[in-house]
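Proteins get letters first, then strands, A, B, ... in listed order; numbering begins at 1 in each.
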There are 2 protein chains.
Amino acid sequence: LRQLIIGFTLSCLATGAVIAQEISPQTLTQAASLRDTALQSDIAWDVLESLTTEVGPRMAGSPADAKAVAWGQAKLTSLGFDKVWTEAVTVPVWRCLHESAYIESPFAQPLTIAALGGSVSTPKGGLKAEIIHFNSYEDLVASPANSAKGKIVYISNKMERHPSGRGYGQAGPARFMGPAEAAKKGAIALVIRSVGTDSQRSPHTGMTNYEDGVKKIPAAALSNPDADQMDRILNRNKNITLSLNIVTETAKDTVSYNVIGEITGSEHPEQIVAIGGHLDSWDQGTGAVDDGAGIAITVAAAKLIAQQQRPKRTIRVVMFAAEEIGVFGGNQYALVHKDELKNHIIGAESDGGAGNVLALSSNVGRQSLHAIDAMLALMAPLNVVRSDRVSGGSADFGPMVKAGMPAVGLEQDHSEYFDIHHTPDDTLNKVHPDQLAQNVAAWAIFVKIAADWEGHFDR
Amino acid sequence: LRQLIIGFTLSCLATGAVIAQEISPQTLTQAASLRDTALQSDIAWDVLESLTTEVGPRMAGSPADAKAVAWGQAKLTSLGFDKVWTEAVTVPVWRCLHESAYIESPFAQPLTIAALGGSVSTPKGGLKAEIIHFNSYEDLVASPANSAKGKIVYISNKMERHPSGRGYGQAGPARFMGPAEAAKKGAIALVIRSVGTDSQRSPHTGMTNYEDGVKKIPAAALSNPDADQMDRILNRNKNITLSLNIVTETAKDTVSYNVIGEITGSEHPEQIVAIGGHLDSWDQGTGAVDDGAGIAITVAAAKLIAQQQRPKRTIRVVMFAAEEIGVFGGNQYALVHKDELKNHIIGAESDGGAGNVLALSSNVGRQSLHAIDAMLALMAPLNVVRSDRVSGGSADFGPMVKAGMPAVGLEQDHSEYFDIHHTPDDTLNKVHPDQLAQNVAAWAIFVKIAADWEGHFDR
């Protein structure tokens, strides 16, 4: 470690033109020690095991969501956070009561589907119609008016597997905007291939967005093997008639909560290093990778830092409400804390599962880039490298970053994330304890340096 | 190949005491050629693709089962089999209409279950009771009378992953006999960890056997992640209350059919080399590995042989009815063909999925072991070795083997089979085309030699 510290001191001195605030050798030493401790620590695993076991699935606004809020408060309190509180967030309440689909012809058989989040119901007893097939959302958009009149639109393109998760951006629009677009073309329902990379009978749900003034039509995702089945039938040049039965319910808005815990800073208690994940999950799995892992990683990083030495700045962990159904907690946080914006020294959310951190991105002022470099040097043994992206702060901190909060992004390996995300298979056994610990180690380095370094990240 | 043939000739001559019927060099050459052709052939894949796509799930006695029978006749006819016919099999009709379970306390959440095959229904609206946990079927058996009075028995042991599939024998009794045993101890229902090796939210069904004179109680399997969840709660020393709702239906017996196709032998048409798989599947998946693969492999092997040169003996492919629910097709076949037993020169069923053939077992007379060795020598490039087990002929040919029919077993790699078997995930994408082709190559060698060799396998 000594060489590392000397290297940094020299490097900082060598920057010349920019007046760089040095990072103390003690901070670097402590951060390295935290890294090594984190790799051996069970705290994150225990937090994740507790949340997924004792609460399980926790759709925003559901009774289980209220249990998750109580769990979050109790967990932060029992871990010794200095302050623990909640902030109310008004959330819509949607739930799926039934979802089923059948190929009626030419080859009668059941299909496995998940209603998309927010989907309206089919008419009572379901609907039955011929499908019209599009290879992609873009093909649907390009099709003529009324091309889908009275039909069920089926979009078949498969998400690409890639460590960056870039396939989500490519395949995602079918889910995000497909129902509205299909309705514009006259469709009575939409069925898409799951936006996911797995080969299992586990359809991926996730929020869809209707458009004002456009008819809301029911929408569901087929598991990948079921979509394969559809495609094989289409390859035979057969027309397909599907029946679809979706029963969902939208209740009155309710109140959920952002759950917040702080380790109070010793020298600059008003200055906040803000981290966290989202507490809600989809209804099918137990929300282990999405986003129990993010909660567990950030709670554990803060706890390990507090165990070592009280940080100079305050570390705030936010368990955001209702991210999945529209970033309600993140938006509310930005609203409530807008006068505190300047005190948010830097922020980051962990919401990419439990795969290893591969790269560190940032969105900070140049005068602080050497602090990011210092983090990266300490993360090198974790195989974390510099990202070439600008950090947007993830979903929940997005509004704060947009308002000016500096941010980093600890970019995770997404090779397997989209096998699991938003499916019944998002369960604890999909998390590798070693990868979870690698995340905590990287986060501890980032948070420790951000909290104890005397400089500022202002953009 | 020349060396191989010479080697065999010498080896046969060298056996001395046993009067061994030689295998002609032409047969060996042709078998080797078939092997190489099979590795490049799409026939088995096309058959499997057709069955799983055009029929899909096909529970014995269901409308889809009738479609499978029609499909089988049409497929064998279109492939040019000389004779194609059906033989009626009376089968019970059971189906599952609903299956759900919830942890009511201490941590309320839904569980993913599959009713065991043949399970009775819960009382209308379901039942709710505390569970009593046993680590294994053996522990349940050893527990005192009335130990489970009024409770739901939960058996938690996990099946071992092993290429031989031996874990099925160890974990299986919980499914096969658990409900009867639990009822004897006073239980009102049984829930077991799935007898399967996967980590997915895909519960494994499969037949259970009630006992005459013992109360029939509803029974279901939890997916492995759900069983993990139960175990984590039990590790907290918590009592668990479950609710369980299973609705099944047993209709009047109906008639299904063994579908049979023959390539008629040129010299000994009355002598039969009998192969096949079972046509029925469980209701959750599309029966790709269990046992679409067995149907496809054996049909393709027969077809490839017929394409090369008419075999001397008749090759008979049997698509057995209703194996899953109690080997009804296999038993009926043995009954109908008992007078033909002597003409069944040898038989084998493919019912172990689509993993590579690893070993060849047999149950034949010593005078024919060199023919098995000849098969093995030709299978060496496929990495098939001599098994140390005695072939029992698999489920459907079991009654024929018991009655005296010689048998071989092409033992497959079961490392991944029990991830899939009897689950919703038994779909075409779980079959590796290369492995399917390796199977066809091994089967073609066995069938070719058995059909053209002039010797007998009599035990």
Side-chain angles (χ1 to χ4, degrees), chain A residues 46 48-59 62-64 66-68 71 98 102-103 106-112 158 198-203 223-236 238 281 283-288 419-420 423-431, chain B residues 46 48-59 62-64 67-68 71 98 100 102-103 106-112 158 198-203 223-236 238 281 283-288 419-420 423-431:
Chain A
D46 290 345
L48 183 58
E49 195 266 4
S50 172
L51 175 60
T52 55
T53 304
E54 295 165 20
V55 181
R58 44 195 183 278
M59 270 290 283
S62 69
K67 284 184 192 165
W71 172 91
H98 178 84
Y102 292 83
I103 298 176
F107 307 127
Q109 56 192 288
L111 295 170
T112 303
K158 185 161 184 179
D198 62 295
S199 304
Q200 308 304 129
R201 216 75 185 277
S202 287
S223 83
N224 275 312
D226 290 85
D228 294 344
Q229 192 80 320
M230 293 281 284
D231 296 349
R232 282 190 291 267
I233 299 172
L234 290 168
N235 284 342
R236 286 163 164 78
K238 299 276 193 189
S281 80
D283 49 348
Q284 303 189 105
T286 61
D419 290 347
I420 299 303
T423 76
D425 261 317
D426 184 0
T427 52
L428 184 62
N429 64 342
K430 308 310 183 305
V431 175
Chain B
D46 291 343
L48 183 59
E49 195 266 4
S50 172
L51 175 60
T52 56
T53 303
E54 296 165 20
V55 181
R58 45 195 182 277
M59 269 290 284
S62 69
K67 284 183 193 165
W71 171 92
H98 178 84
S100 62
Y102 292 84
I103 298 175
F107 307 126
Q109 56 192 288
L111 295 170
T112 303
K158 183 160 185 179
D198 61 294
S199 303
Q200 310 303 130
R201 216 74 185 277
S202 288
S223 82
N224 275 312
D226 289 86
D228 294 344
Q229 192 81 320
M230 292 281 285
D231 295 349
R232 283 190 290 267
I233 298 172
L234 290 167
N235 284 342
R236 286 162 165 78
K238 300 276 192 188
S281 79
D283 50 349
Q284 304 189 102
T286 61
D419 290 346
I420 300 302
T423 77
D425 261 316
D426 184 359
T427 52
L428 184 62
N429 64 342
K430 309 310 183 306
V431 176

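Only the side chain of P110(B) comes within less than 4.5 Å of a heavy atom in chain A; its backbone stays farther off. Interface remark: R236(A) contributes side-chain atoms only to the contact with chain B (heavy atom separation under 4.5 Å). Looking at E49(A), both its backbone and its side chain come within 4.5 Å of chain B, counting heavy atoms on both sides. With a 4.5 Å cut-off on non-hydrogen atoms, S62(A) does not touch chain B at all.
Listed by chain and number, the residues in a salt bridge (charged side-chain N to carboxylate O under 4.0 Å, His left out) with D283(A) amount to none (sequence neighbours excluded). Residues passing the side-chain hydrogen bond (donor to acceptor under 3.5 Å, both in side chains) test with T53(A) are R232(B), sequence neighbours excluded.
Taking OG of S199(B) as the reference point, atom CG of D425(A) lies at 9.0 Å (rounded to 0.5 Å).
Heavy-atom pairs under 4.5 Å with chain A were tallied for L428(B), T112(B), D228(B); the largest tally goes to L428(B). Contact count versus chain B (heavy atoms, under 4.5 Å) is highest, among T423(A), T52(A), I103(A), for T52(A).
Look at E54(A) and K238(B) and you find no salt bridge, because none of the NZ, NE, NH1 or NH2 atoms lies under 4.0 Å from a carboxylate O.
Closest heavy-atom contact between P225(B) and K430(A): CG-NZ, 4.0 Å. Residue G285(B) comes nearest to R201(A) through the heavy atom pair CA-NH1, 3.8 Å, listed as atom of the first residue, atom of the second, then distance.
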